[in-house]
Amino acid sequence: MQAQRRLELRRKLGARAFSCTPSPPSSSSPPLEARYDRLLKNSCDDASALKQIHSSLTTRGLLTRDPHLSAQIIVKYSKFGHPHHARSLFDGITARCERPNSFLWNTMVRAYANNGHCADALELYALMRRGGVLPDNYTFPFVLKACASDSDPLARGWEVVHGETIKTGFDPDMYVEAALVDAYAKRGRIGCARKVFDGMTQRDLVCWTTMITAYEQAEQPQESLVLLCRMQREESLLPDPVAIVSVASSVGQMGDVKSAKSVHAYAIQNGILGDVCVANSVVAMYTKCGNVEYARMAFVRMEERDKISWNSMLSGYVQNGQANEALLLFEQMQDSGCKPNPVTALIMVSACAFLGSCHLGKKIHDYIHENKMKVDITLQNALMDMYAKCGNLETASKMFHEIPLKERDVSSWNVLISAYGMHGRGEEALNLYLQMQEKGVAPNHITFTSILSACSHAGLINEGRKCFADMSKHSVMPEAKHYTCMVDMLGRAGLLGEAFNLIKSMPASPNDGVWGALLLACRVHGNSELGEIAANNLFQIEPEHPGYYVLLSNIYAASRRWQEVGKLRENMKTRGLSKPAAFSVIEYGQEAIGFYTADQLNPYRGEVYRHMERLVVEMKTRGYFPDRSCVLHDVEDEDKDHILNYHSEKLAVAFGILKTDSESTITVSKNLRICNDCHSTFKFLSDIYQRQIVVRDANRFHHFQAGSCSCKDYW
DNA sequence: TTAGGGTTAG
């Protein structure tokens, strides 16, 4: 039916548009052309071989005689990623031939579309239309592919092209429809994509996969999996490797380990796990579900690994907080002969940022230089972020100012604003926020998270309120994370009522972050009434999160309500929840030395414990008095003092004073927030020993120097 | 002598 319709259309439009159809090579083709034809088909595996054949054909004048050979070369140039060489040849043909046929136009549009030259593809399509050549069922998929990936966010070319598929009668073609579904989905019009999909009279596996992938890309994994089930039930179609890759990504978004195991089992049973893309997607799927161990097993058992396999596993470790494992795997990657690429570098830089290890970060930075890796703006931003998170704000700032203004993107500004914020330098963060606007860079939702957080850390309440109001001016809708920053800012400042009212004014239901910020503020200001409201909301949203039970328990402990403390601890025990162990790390030469609270396994424990006791004696002569409110157990004062002395961050700092060069800065990272007593201790120690002490806790940086802290005791 | 769907990072 479709074929007949097409023939009718062609008859109507006349044969002129198709008048330059080259004859296909046949047994009657001259032997030289036939030889080149075979050469192109069988012995042309790379661009240099192709260039040689191209030049030889030009010298012999064969290209002007046989358009078929020209078309083959265009196809090959396209395949090897050289659409501009293809274009020169194409222009030569158009110069000689009054009306090149649609096949040649299609081939050239395809060369651009398949190599990411969307604007060129669309321009050529327009030229083709102006030349009176009618697009056909082959043209549209190429043109739509170019429309789908157009970098101009305002481009709406696909709508015009959709109209043309209807005008020319090719709209019911399954290939054209699949390309339309894909184009609509890639331009974020999932509803239109679904409409085209639903209107199709015939669908094969590719059509279903296109729609399944569309939902996966639109972060609607549930819809994607529903469609997969329908495809299997209604059409008895089985997902192939490409479909499984999409499905694995959807399952990863859902974070459901049970479904992940089913996908993995399907891949094994159907013999497609040998496909490296499928195996990679299984690794990524498990890491997104938080099951690093299954991911590791899938990775170890892979028959073949490419860069993506290594990067997926590395990133999986970092995302799941196992940055040390990532560092070990990075060594293995190099030993295996797989050369890290800039994506690997990006992952490793974020691993170092996570660990807060400047020494390791510097090592990766040197590695990037030594291996002459391409440092694009994304990697540059990640490096700045890493230096800032490792305590080296000056290097981060220097790097930022070395990037030429026109090369800085919004993320560059965001990274530095966030960096100043976490180091407690709110005024500088605000200056940057204003500067970026003066330079014509529009703040985005991440900018607002960073600047609101910076205001919060520095106690800049009015400025924070103003920035929050600025959001609507920049057409950025406040999300839960922005409300979290505001609640944190108001709560820290003791404006608990205003914080609570803000939560009540939220258009969407408050999430765990928002209630968590209020609960924390209630802990700081000892408001158990509001604290209970926040905690009860949190217990409903995340009943298995130990941190919230601990926070409420701390609120009760601070007001000596030991009975409630006991009840909460019992509740946690019944649910099998435990508070994460406090852990601090200090860099010592090439090593990173870790300390747990009251660490019994650390090889340095004997000398460090003794040194800590000496330090406390010294501090007491200068006026230090233990802050026993930081001990949340109902025990005697003497025991409380003892517990305080062995907090992980104190042990790490004591180690630093004992072992490191007296001129050097002591840098410690802690997984939880620093306690009041440790904070006060480090102020004393920085003064007595004239040492700079930098502590990164779960929330921010504290720079201790000459008896005071950069946070001005506001944290 | 041409066609539509894919994994990592941000």
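Below, all heavy atoms of this structure are taken into account, side chains as well, without hydrogens, waters or symmetry copies. Here is how names work: the chains are called A, B, and so on, in the same order as the sequence lines, proteins then strands, and each is numbered from 1.
Here A/Arg296 pairs with A/Glu293 in a salt bridge; the nearest charged N to carboxylate O distance falls below 4.0 Å.
Within the 4.0 Å cut-off from OP1 or OP2 of B/dT7, not a single side-chain nitrogen or oxygen of A/Ser249 is found. Phosphate proximity of B/dT7 to A/Lys307: absent, as no side-chain N or O sits under 4.0 Å from OP1 or OP2. One finds no side-chain N or O of A/Gln380 lying less than 4.0 angstrom from the OP1 or OP2 phosphate oxygen of B/dG10. In this structure, A/Gln319 reaches the B/dA9 phosphate: one of its side-chain N or O atoms is under 4.0 Å from OP1 or OP2.
Taking the side chain of A/Glu216 as heavy atoms from C-beta on, and the options B/dT7, B/dT8, B/dG5, the nearest nucleotide is B/dT7. Closest contact between the side chain of A/Arg110 and the listed nucleotides B/dA9, B/dA3, B/dG4 involves B/dA3. Nearest to the side chain of A/Phe142, among B/dG4, B/dT8, B/dG5, sits B/dG4. In this structure, of B/dA9, B/dG4, B/dG5, it is B/dG5 that holds the atom nearest to the side chain of A/Asp240. Nearest to the side chain of A/Asn137, among B/dA3, B/dG4, B/dG6, sits B/dA3. Here B/dA9 is the nucleotide among B/dG4, B/dT7, B/dA9 with the atom lying nearest to any side-chain atom of A/Ile347. Distances from the side chain of A/Leu346 to the nucleotides B/dG10, B/dT8, B/dG4 place B/dG10 closest. Between B/dG5, B/dT2, B/dG4, one nucleotide has an atom nearer to the side chain of A/Asn114 than all others, and that is B/dG4. Which of B/dG10, B/dG4, B/dA3 sits closest to the side chain of A/Tyr138 comes down to B/dA3. Taking the side chain of A/Ala179 as heavy atoms from C-beta on, and the options B/dG5, B/dG4, B/dT7, the nearest nucleotide is B/dG4.
Rounded to whole angstrom, the span from the CG atom of A/Leu237 across to the P atom of B/dG5 amounts to 18 Å. Atom P of nucleotide B/dG5 and atom CE of A/Met174 are separated by 13 Å, given to the nearest angstrom. Remark: C1' of B/dA3 and OH of A/Tyr112 are 20 Å apart, rounded to the nearest angstrom. Taking atom CG of residue A/Asp136 and atom P of nucleotide B/dG4, one finds them 13 Å apart after rounding to whole Å. Put simply, OH on A/Tyr125 is 18 Å from P on B/dA3, counting in whole angstrom units. Atoms CG (A/Asn341) and P (B/dA9) sit 12 Å apart, rounded to a whole Å.
Annotation: A/Trp310 is in aromatic contact with A/Phe299 [ring centroid separation under 6.0 Å]. Between A/His264 and A/Tyr294, the ring centre distance reaches or exceeds 6.0 Å.
Using a 4.0 Å heavy-atom distance criterion, A/Leu205 is classed as a base contact. Using a 4.0 Å heavy-atom cutoff across all strands shown, A/Thr209 reaches at least one base atom of the nucleic acid. Across all strands shown, A/Lys79 has no heavy atoms under 4.0 Å from either base or sugar-phosphate atoms. A/Ser281 comes within 4.0 angstrom of no nucleic acid atom, judged by non-hydrogen atoms across all strands. Nucleic acid contact for A/Thr107: none, since no nucleic acid atom lies under 4.0 Å from a heavy atom of the residue. Within the nucleic acid shown, A/Asp182 comes within 4.0 Å of sugar-phosphate atoms alone, with no base atom in reach, counting heavy atoms only.
Where stacking is scored as ring centres under 5.5 Å apart with planes under 30°, A/Tyr175 registers as stacked on the base of B/dA3.
Relative to the ring axis of A/Phe197, A/Arg203 places its NZ or CZ within 45° and under 6.0 Å from the centre.
Between the side chains of A/Asn115 and A/Asp120, not a single donor N or O lies within less than 3.5 Å of an accepting N or O.
Taking 3.5 Å as the limit, the base of B/dG4 and the side chain of A/Asp204 contain a donor-acceptor pair of atoms between them.
In this structure, A/Tyr367 OH and A/Thr344 OG1 are separated by 8.0 Å, a value rounded to the nearest 0.5 Å.
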